[in-house]
Amino acid sequence: MKKLKIAIVGGGIIGVTTGLAIQQYLESDLIEMITIISQQWTPNTTGDVSAGLIYPYLAAPDTPKQQMERILIDSIKFFDNLIQDPESSGFGLSRLTLFELFSNNDNVCLPIASDELPVIRTLTTNEIQRLFPSIQQQYQHGNLVETFIAEPSLLLPYLMDKFGKQKGQMITKHVESLVSLKNEYDLIINCTGVDARKLNDVDDSDQLRSARGQVMRVKAPWIRHGIIADQWYILPQIDSVVLGGTKQLDNYNLEPDPKIAEEIWQNCCQIMPTLKLAKKIDDYVGLRPFRRTLRIEMDNNDDHIIHNYGHGGSGVTLCWGSAIQVINLIKSKFL
Ligand SMILES: Cc1cc2nc3c(=O)[nH]c(=O)nc-3n(C[C@H](O)[C@H](O)[C@H](O)COP(=O)(O)OP(=O)(O)OC[C@H]3O[C@@H](n4cnc5c(N)ncnc54)[C@H](O)[C@@H]3O)c2cc1C
């Protein structure tokens, strides 16, 4: 059989992990070459704005439960293995204790319970009162979660380096349409995130929407655990802390809004008063690729095109498991 030339369009966390997974799982006698083509790379991708919390958030809520569970488990296994590497802190991976607080009991839905997923237990009202006296009136329900932070601005350079050392090619270029690559490649994988809306031959703008996220980074090295309280969150990184955030549907504005920055600051300081001494680094904005269902499938009209986008606020969390779904599609078509 003729060996495949594969193009992945998009060099964010989804495209790069898809490239690595192909290198890892598909035999070299099936693949001649894998090329990632992207107009932007880290530090200018959506993932670079994110804290890289490994936990589902705004994650394509209508995706079939079984598929989401498989993707989550495969992704958590990936991070479980990666953190065994003694150098993992250098590429932005650390364990994180997270307090997840809710003002409304209806929102306290534990993600799929499985001992292959992050450890989660419900917090008691007494625990919330003791741990968060400044906000205990407002937030009376919550979970304690043991998970990871995988900082994309450190993780992506590591993953790209690995992809390159394993003979993966990376080309900086804007792609107008996926079909335009068919002269050169046998299989095209679309990992363009929210910009899939702009591709000439991807008609998905009814379903794929931006969920604009604005965050602020501060220096506060004394903060060592994460908090999510409804829409506000405080997530420590290796050298900074991310304060967030917004989820504004259908908003494509990449400029930080000073009013939103002030709102984030006030709310996060209320949740964690010691933040008042933190030094601000800057404000950042990213457009989450929000879709009711993840789009990981063969194109309806062309079975030489596979889509892998629509991960909303969970692209880092779901990256590896999504890549494995793509591998399964490739195997079903070409093996
Ligand atoms: C504020 C914020 C906080 C977040 N926090 C978290 C979190 O804590 N945990 C988590 O798991 N997720 C989080 N997310 C979500 C996560 O960042 C995204 O789901 C993820 O980055 C999407 O990755 P992607 O590779 O699909 O898209 P992108 O990172 O947007 O990458 C798409 C790539 O495709 C390229 N591209 C697009 N169109 C073309 C074209 N026509 N030609 C060539 N190249 C093209 C782009 O240049 C880019 O490199 C957050 C997002 C935001 C905005």
Side-chain angles (χ1 to χ4, degrees), residues 7-19 35-60 71-72 75-76 79 96 98 147-153 155-156 159-160 170-178 180-181 188-202 208 210-217 226 228 231 233 235-237 242-248 251 254 256 260 264 283-291 294-296 307-323:
I8 295 168
V9 186
I13 191 71
I14 297 299
V16 173
T17 46
T18 300
T35 308
I36 305 179
I37 305 172
S38 194
Q39 60 194 20
Q40 296 284 348
W41 304 94
T42 184
N44 299 314
T45 72
T46 311
D48 292 283
V49 177
S50 90
L53 175 70
I54 303 304
Y55 199 58
Y57 174 79
L58 262 187
I71 292 175
L72 255 176
S75 295
I76 298 294
F79 290 112
L96 181 82
L98 173 75
T147 186
F148 302 100
I149 279 272
E151 289 179 43
S153 54
L155 185 63
L156 271 166
L159 298 176
M160 286 168 63
M170 286 168 270
I171 297 176
T172 304
K173 192 172 97 172
H174 174 75
V175 174
E176 288 290 334
S177 71
L178 301 172
S180 68
L181 299 172
I188 296 130
I189 307 174
N190 174 18
C191 303
T192 50
V194 78
D195 282 342
R197 287 171 58 91
K198 298 185 193 158
L199 286 164
N200 285 346
D201 47 352
V202 178
L208 175 63
S210 156
R212 179 183 184 274
Q214 178 168 330
V215 297
M216 176 189 297
R217 281 192 157 73
I228 301 180
Q231 81 169 90
Y233 56 84
L235 296 170
Q237 311 272 273
V242 175
L243 312 183
T246 58
K247 47 174 176 188
Q248 298 162 279
N251 185 327
L254 282 165
I260 291 177
I264 292 173
D283 301 307
Y284 304 84
V285 174
L287 306 181
R288 302 177 184 94
F290 179 75
R291 223 174 168 273
L294 274 177
R295 188 167 192 205
I296 308 179
H307 300 283
N308 182 11
Y309 66 82
H311 298 78
S314 299
V316 191
T317 305
L318 304 175
C319 63
W320 195 258
S322 302

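Ligands are counted one by one from 1 in listed order, and the atoms in each one are counted from 1 as well. Just so it is clear, the structure is predicted and the values come from calculations on it, not from any experiment.
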Worksheet item: Does any N or O atom in V175 lie less than 3.5 angstrom from one in ligand 1, N or O only?
Response: yes
Worksheet item: Are T45 and D48 linked by a side-chain donor-acceptor pair shorter than 3.5 Å?
Response: yes
Discussion item. Need the ligand 1 atom indices (1-based, order shown) with element for anything under 4.0 Å from a heavy-atom of G12.
Written reply: 25 (O), 29 (O), 31 (O), 33 (C), 49 (O)
Worksheet entry | Heavy-atom proximity to atom 1 (C) of ligand 1, best of L318, D48, V215 | V215
Practice prompt. From the options K173, E151, Q214, select the one whose nearest heavy atom is closest to atom 43 (C) of ligand 1.
Written response: K173
Discussion item. Tell me whether T35 contacts the main-chain N or O of M170 through its side chain, where contact means a donor paired with an acceptor under 3.5 Å.
Written reply: no
Practice prompt. Measure V194 to ligand 1 on non-hydrogen atoms and call it side chain, backbone, both or neither using the 4.0 Å cut-off.
Written response: neither
Practice prompt. Show which atoms of ligand 1 fall inside a sub-4.0 Å distance from at least one heavy-atom site of V316.
Written response: 10 (C), 11 (O), 12 (N)
Worksheet entry | Under the salt bridge (charged side-chain N to carboxylate O under 4.0 Å, His left out) test, residues paired with R288 that sit two or more places apart | none
Item to complete: For ligand 1, indicate whether the residue C191 contacts it via side chain, backbone, both or neither (heavy-atom separation under 4.0 Å).
Response: backbone
Item to complete: Would you check the N or O atoms of L235, main chain and side chain alike, for any that come under 3.5 Å of an N or O of ligand 1?
Response: no
Worksheet item: So which of P56, G310, S50, G11 gets nearest to atom 4 (C) of ligand 1, if we judge by its closest heavy atom?
Response: S50
Item to complete: Check ligand 1 against L199 and write out every atom of the ligand that is under 4.0 Å from a heavy-atom position of the residue.
Response: 41 (N)
Worksheet item: Who are the side-chain contact (heavy atoms from CB on, under 4.5 Å) partners of T46, not counting sequence neighbours?
Response: none
Discussion item. With nothing but distance in play, are any N or O atoms of P289 less than 3.5 Å from an N or O of ligand 1?
Written reply: no
Worksheet item: Taking distance alone, with no angle check, do G47 and ligand 1 share an N/O pair under 3.5 Å?
Response: yes
Worksheet, complete the sentence: of all protein heavy atoms, closest to atom 7 (C) of ligand 1 is L53 N, 3.5 Å
Worksheet item: Short N/O distance, under 3.5 Å, between G315 and ligand 1?
Response: yes
Discussion item. Any nitrogen or oxygen of T46 lying under 3.5 Å from a nitrogen or oxygen in ligand 1? Just yes or no.
Written reply: yes
Worksheet item: Would you say R288 has any N or O atom under 3.5 Å from an N or O of ligand 1, going by distance alone?
Response: no
Practice prompt. May I ask whether Y233 places a heavy atom under 4.0 Å from ligand 1?
Written response: yes
Worksheet entry | Ligand-residue contact atoms, ligand 1 with G193, heavy atoms, under 4.0 Å | 26 (O), 27 (O)
